[in-house]
Amino acid sequence: MKRARQKVVAENKAPQTSQKSKKQKTCLYGSVVSQSNLHASVDWGSLPHHVVLRIFQFLPLVDRARASSVCRRWNEIFHIPDLWRRFEFELSQPATSYLKSTHPDLIQQIIKRHADHLQYVSFKVDSSTESAEAACDILSQLVNCSIKTLGLISTAKPSFMNVSKAHFASALTVVFVNSKSLSSIKIDDTPLDDPSLKVLVANNSDTLKLLKMSSCPHVSPAGILCVADQCHGLKELALNYYILSDELLLALSSEKHVDLEHLRIDVVSENPGQVEFHSIKKQSWDALVKHSPKVNIVMYFFLYEEEFDAFFREETPVTHLYFGRAVSKAMLGRIGMNCPRLIELVVCANGLQPLDDELIRIAERCKNLTAMGLGECEVTCRGFIEFVKMCGGRLTQLSIMEEVLIPDNDYSLDRLHLEVSKHLGRMWFPDMMPTW
């Protein structure tokens, strides 16, 4: 009887313990539920509208499309305009490219249902002409668009350059005319021409703030001058040196024009001796800096040594200099004398003559210099330490290949790293490979 009584007591106590543990289970909403009913209490189809929208914004397009098939409500959210303001069309040919491509059915759906929602649009194409032409075909159909930023990106040349000028201009005209609120355009390496720029200006002069159009051989100095004369809100401009002129700099310095923040200039020569580079007057540069005292002037040089004659013979307010090919000692000497605003200097190659004197002159006169990169050059350890000592802790970025440094009687490479670290105020080692 005792055993039977103990068994009954145990059975009566067990449910109480289980019930107590169930009461300790709480769901996300704060209500007390059993563990078995926890998942059943969350209705994923009834999540607040803004929560689902927020989740969708973090999902890749493919996953977002899959989620849209869960229920009718999620499908409706999938087509909300907020999700289609920013889109990158990826266009490639499967036979010749490893890049993924936006599905043609999705492209047609976007054109049909979301063309008027697109605001931030870019096209990434491979090197094939077919992909570039497909991008132009899509642009031609965006007749109800209100695009604010447009980017045409070629992962490899020639791409857009092989599209007929008429086809490309026609496609751009559709966007330029219908948007009327373009603020940012990146169309490097394209057959953009002067008439297209005039259409752009006629419809978007009040809103355009950024224009990047390097390597657009059909644009003339007159074409870009038209942009500067009419687009007074332009803050960033990237172009090739051949269309840079004194008139352009003066137009960017007019009272009507806002302060320019960034001017990038590509100086490129494919065939040595075939291009004669003009000079820009010091007065034109001075006018620009007086009007926009904080402007960054960035110059990328891809020239041969004999083609530098026109540059830096007078004071030039460049702030960032990148030399992609060999540059002579004489040119670096001119930079030290005539580039007092210089902030960053990268030299990929020079030759077999040490650059000690040139670097010391740059340290003396370029008081704003904070970044330096040297590739296939030569500098003695003593000369390099003197350069770093003169610059001190303001050198926030110092990237020097180990092979550049020539040990001398005073400094070995091991001692050099200690001395440089002392003057910089942080640990420093030479690079084993370029980092710029």
#### Entry: Leu398 and Phe384, any side-chain heavy atoms less than 4.5 Å apart
yes
### Query
Under 4.0 Å between a Lys/Arg side-chain N and an Asp/Glu carboxylate O for Glu76 and Arg73?
no
### Pairs where residues 216-237 contributes a residue and the test salt bridge (Lys or Arg N to Asp or Glu O under 4.0 Å) is met, not counting sequence neighbours
Lys235-Glu261
### Query
What distance do Leu208 atom CG and Lys148 atom NZ have between them, rounded to the nearest 0.5 Å?
14.0 Å
### Under 3.5 Å side-chain donor-acceptor pair for Ser140 and Asp137
no
### Greater than 12 external heavy atoms within 6.0 Å of Asn162's CG
yes
### Query
Do Ser214 and Asp266 meet the criterion of a side-chain donor-acceptor pair at a distance under 3.5 Å?
yes
#### Entry: Side-chain heavy atoms of His291 within contact of Asp259, under 4.5 Å
yes
### Query
Less than 4.5 Å apart, any side-chain heavy atom of Val121 and any of Phe87?
no
## Note on the structure
Distance col, row Leu248:CG vs Ile243:CD1, nearest 0.5 angstrom, shows 7.5 Å
### Task
Take Phe311 and Phe323 through the test ring pair (Phe, Tyr, Trp, His ring centres under 6.0 Å) and record every step on the way to the result.
CA-CA 13 Å; Phe311 300 98; Phe323 293 95; 9.3 Å; no
### Query
Considering only heavy atoms from C-beta outward, does the side chain of Val199 approach that of Leu172 to under 4.5 Å?
no
### Query
Are any of the side-chain heavy atoms of Ser183 and Thr149 separated by less than 4.5 Å?
yes
### Within 6.0 Å of CZ in Arg426, more than 12 heavy atoms from elsewhere
yes
### Message
Using a strict threshold of under 4.0 Å (side-chain N to carboxylate O), is an ion pair present between Asp286 and Lys282?
### Response
yes
### Query
Any chance NZ of Lys281 has more than 12 other-residue heavy atoms, nucleotides or ligands included, within less than 6.0 Å?
no
### Message
Which heavy atom of Pro221 sits nearest to which heavy atom of Tyr242, and what is that distance?
### Response
CG-O, 3.9 Å
### Task
Rounded to the nearest 0.5 Å, what's the gap from OG on Ser215 to CG on Leu192? Could you check?
12.0 Å
#### Entry: Non-hydrogen side-chain atoms of Thr319 and Asn368 separated by less than 4.5 Å
no
### Query
Picking from Val388, Leu418, Ile400, what satisfies side chain to side chain contact (heavy atoms under 4.5 Å, CB included) with Trp428?
Ile400
